[in-house]
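These numbers come from the heavy atoms of this one structure, side chains and all, not from hydrogens, waters or symmetry mates. Chain letters run A, B, ... following the sequence lines, proteins first and then strands; every chain starts at 1.
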Amino acid sequence: MIPKSLRLGPQDFVESADSLAVSLLGTTLARRLSSGLILRGRIVETEAYIGVRDRASHAFGCRRTPRNEAMYARPGTAYVYFTYGMHFCFNVVCAAAGDPQAVLIRAVEPLEGIEEMRHLRGLGAAAAAADRLVASGPARLCQAFAIDRTLNAVDLVTSDTLWLEPATDSTRPTRRPLRTPRIGVDYAGAWAKRLLRFVDPTTEHASRSPRPRTKRK
DNA sequence: ATTTAGATCCTCT
DNA sequence: GAGGATCTAAATG
């Protein structure tokens with residue numbers, strides 16, 4: 001018989017963002033659409049936003065606003081925000097309630113429901129777009145999984161529409177993650193340089209080449 | 001392969 | 001009123 005899917009529980013999110021960002025690599029993001037269809041993707045790229053002293057974080061300086069309120073909620077809460085006039089990004093809140101740390105999920109490798117993901121992304125079902133383009137990048141991922149404002153502040157521990165599943169022997173990364181500076185936070189001064197982006201080095205589904213390759217001749 | 005410009009609107013100052 | 005935890009297509013080397 002097929003074992004019931006396990007999911008990450010409350011204790012799994014009681015961890016600092018830089019630590020959880022690594023732990024989440026190889027776990028599965030799961031989403032149940034209103035149609036009942038289930039989408040799954042293996043998390044391959046994350047970024048840590050490590051709290052009030054992190055200049056790149058929406059919660060820098062303890063700014064607490066209606067937008068980032070979810071960052072102050074229980075560990076295991078979803079923080080979904082809107083940016084650039086057209087995109088959503090999905091974060092997993094962690095550490096302790098009131099300590100606004102979160103992990104931005106930047107890319108997954110589609111495992112289940114990829115045709116629906118392509119549809120949600122507006123990509124032709126036909127071979128045109130590589131699988132790698134379906135959910136690589138925080139906004140692409142949200143589009144592919146139909147994650148929007150309505151999922152902000154959802155409890156990933158109990159929700160039946162959005163949750164996380166533990167890594168298995170077949171999904172767990174086999175090598176230590178690559179660490180790089182975070183993307184798109186150049187305004188954050190010294191914090192822009194911190195190595196708080198983590199990529200599974202075995203994947204081809206990251207939002208950009210994990211290791212900048214020297215030019216081929 | 002790398003750079004750019006444009007889309008577009010919410011959030012905070 | 002400014003700018004952003006982005007993406008895409010088009011232009012350029």
Side-chain angles (χ1 to χ4, degrees), chain A residues 16-18 20-22 24-25 29 41 43-72 77-95 100-108 110 117-124 128-153 177-199 204-217:
Chain A
S16 64
D18 55 333
L20 183 68
V22 174
L24 288 182
L25 295 175
L29 174 65
I43 294 175
V44 297
E45 178 181 347
T46 58
E47 279 179 4
Y49 288 83
I50 67 175
V52 298
R53 67 185 203 284
D54 180 353
R55 195 159 210 107
S57 171
H58 290 164
F60 172 66
C62 231
R63 281 190 306 261
R64 187 164 179 164
T65 67
R67 176 174 69 154
N68 66 20
E69 183 61 27
M71 293 185 84
Y72 292 82
T77 299
Y79 170 44
V80 180
Y81 67 89
F82 180 82
T83 191
Y84 290 112
M86 51 174 67
H87 297 304
F88 294 99
C89 293
F90 165 61
N91 300 253
V92 177
V93 175
C94 63
Q101 300 196 36
V103 175
L104 172 67
I105 309 303
R106 290 191 53 92
V108 307
M117 293 181 202
R118 284 177 175 279
H119 177 67
L120 285 162
R121 288 266 293 119
L123 301 172
D131 286 357
R132 155 170 37 83
L133 295 178
V134 172
S136 60
R140 287 174 179 168
L141 181 158
C142 283
Q143 195 175 8
F145 278 70
I147 294 172
D148 63 18
R149 188 188 325 283
T150 63
L151 291 171
N152 184 43
L178 293 172
R179 304 178 48 129
T180 80
R182 293 171 292 185
I183 307 297
V185 298
D186 292 344
Y187 58 86
W191 284 91
K193 302 187 166 133
R194 296 284 294 269
L195 303 180
L196 292 171
R197 172 172 173 258
F198 304 88
V199 183
E204 296 181 1
H205 292 259
S207 67
R208 52 186 72 185
S209 207
R211 190 191 305 280
R213 296 186 59 91
T214 50
K215 279 191 158 74
R216 292 179 58 85
K217 299 250 148 193

Tabulated below should be each protein N or O lying under 3.5 Å from an N or O of nucleotides 7-9 of chain B; please produce it.
{"from": "B/dT8", "atom 1": "O3'", "to": "A/Gly85", "atom 2": "O", "distance (Å)": "3.3"}
{"from": "B/dT8", "atom 1": "O2", "to": "A/Tyr84", "atom 2": "O", "distance (Å)": "3.1"}
{"from": "B/dC9", "atom 1": "O4'", "to": "A/Gly85", "atom 2": "O", "distance (Å)": "3.4"}

Please check this pair: side chain of [X] against backbone of [Y], looking for a donor-acceptor N/O pair closer than 3.5 Å.
X        : Y        : answer
A/Arg179 : A/Leu195 : yes
A/Arg140 : A/Arg121 : no
A/Gln101 : A/Ala17  : yes

Inset, instruction - Find out whether the Lys NZ or Arg CZ of A/Arg149 is both under 6.0 angstrom from the six-membered ring centre of A/Phe82 and within 45° of the ring's axis. - result: yes
Legend entry - For A/Arg64, side-chain hydrogen bond (donor to acceptor under 3.5 Å, both in side chains) partners two or more places apart: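 Expected list: A/Glu69.
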Inset, instruction - Only counting residues at least two apart or in another chain, list the ones meeting side-chain hydrogen bond (donor to acceptor under 3.5 Å, both in side chains) with A/Asp54. - result: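 Checked A/Asp54 against side-chain hydrogen bond (donor to acceptor under 3.5 Å, both in side chains); matches are A/Arg182.
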Can you tell me the distance, in whole Å, between the [atom1] atom of [X] and the [atom2] atom of [N]?
X        : N      : atom1 : atom2 : result
A/Gln101 : C/dA5  : CD    : C1'   : 16 Å
A/Met71  : B/dT11 : CE    : P     : 15 Å
A/Phe90  : C/dT6  : CZ    : C1'   : 17 Å
A/Arg132 : C/dT8  : CZ    : P     : 12 Å
A/Asp54  : C/dA5  : CG    : C1'   : 10 Å
A/Arg194 : C/dA5  : CZ    : P     : 18 Å
A/Arg67  : C/dG4  : CZ    : P     : 11 Å
A/Leu123 : C/dC7  : CG    : P     : 13 Å

Inset, instruction - Would you classify A/Arg182 as touching base, sugar-phosphate or nothing, given that sugar-phosphate means primed atoms plus P, OP1 and OP2, and contacts are heavy atoms under 4.0 Å? - result: nothing
Inset, instruction - Would you classify A/Ala139 as touching base, sugar-phosphate or nothing, given that sugar-phosphate means primed atoms plus P, OP1 and OP2, and contacts are heavy atoms under 4.0 Å? - result: sugar-phosphate
Distance-only donor-acceptor pairs under 3.5 Å for side chains of residues 186-194 of chain A, two or more places apart:
{"from": "A/Tyr187", "atom 1": "OH", "to": "A/Ala56", "atom 2": "O", "distance (Å)": "3.2"}
{"from": "A/Trp191", "atom 1": "NE1", "to": "A/Arg53", "atom 2": "O", "distance (Å)": "3.4"}

Legend entry - ring centroid sep under 5.5 Å plus plane angle under 30, A/Tyr49 with C/dA5: yes
Legend entry - Nearest heavy atoms of A/His205 and A/Ser136, plus distance in Å: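 So the minimum-distance heavy-atom pair works out to O-CB, 3.3 Å.
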Inset, instruction - Quick one: closest heavy-atom pair of A/Leu141 and A/Ala135, and the distance? - result: CB-O, 3.9 Å
Legend entry - Counterpart residues, side-chain contact (heavy atoms from CB on, under 4.5 Å), relative to A/Asn152 (two or more places apart): A/Ala70, A/Tyr79, A/Val80
Between [X] and [N], is there a contact of a side-chain N or O with OP1 or OP2 at under 4.0 Å?
X        : N     : answer
A/Arg106 : C/dT6 : yes
A/Tyr187 : C/dA5 : yes
A/Arg121 : C/dC7 : no

Inset, instruction - Between B/dT13, B/dC10, C/dA5, spot the one nearest the side chain of A/Asn91, thanks. - result: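 Selected nucleotide (nearest to the side chain): C/dA5.
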Inset, instruction - Can you run through DNA chain B from 5' to 3' and write each base as (, ), [, ], | or . depending on how it pairs? Watson-Crick or G-U wobble, both distances under 3.5 Å. - result: |||||||.||||.
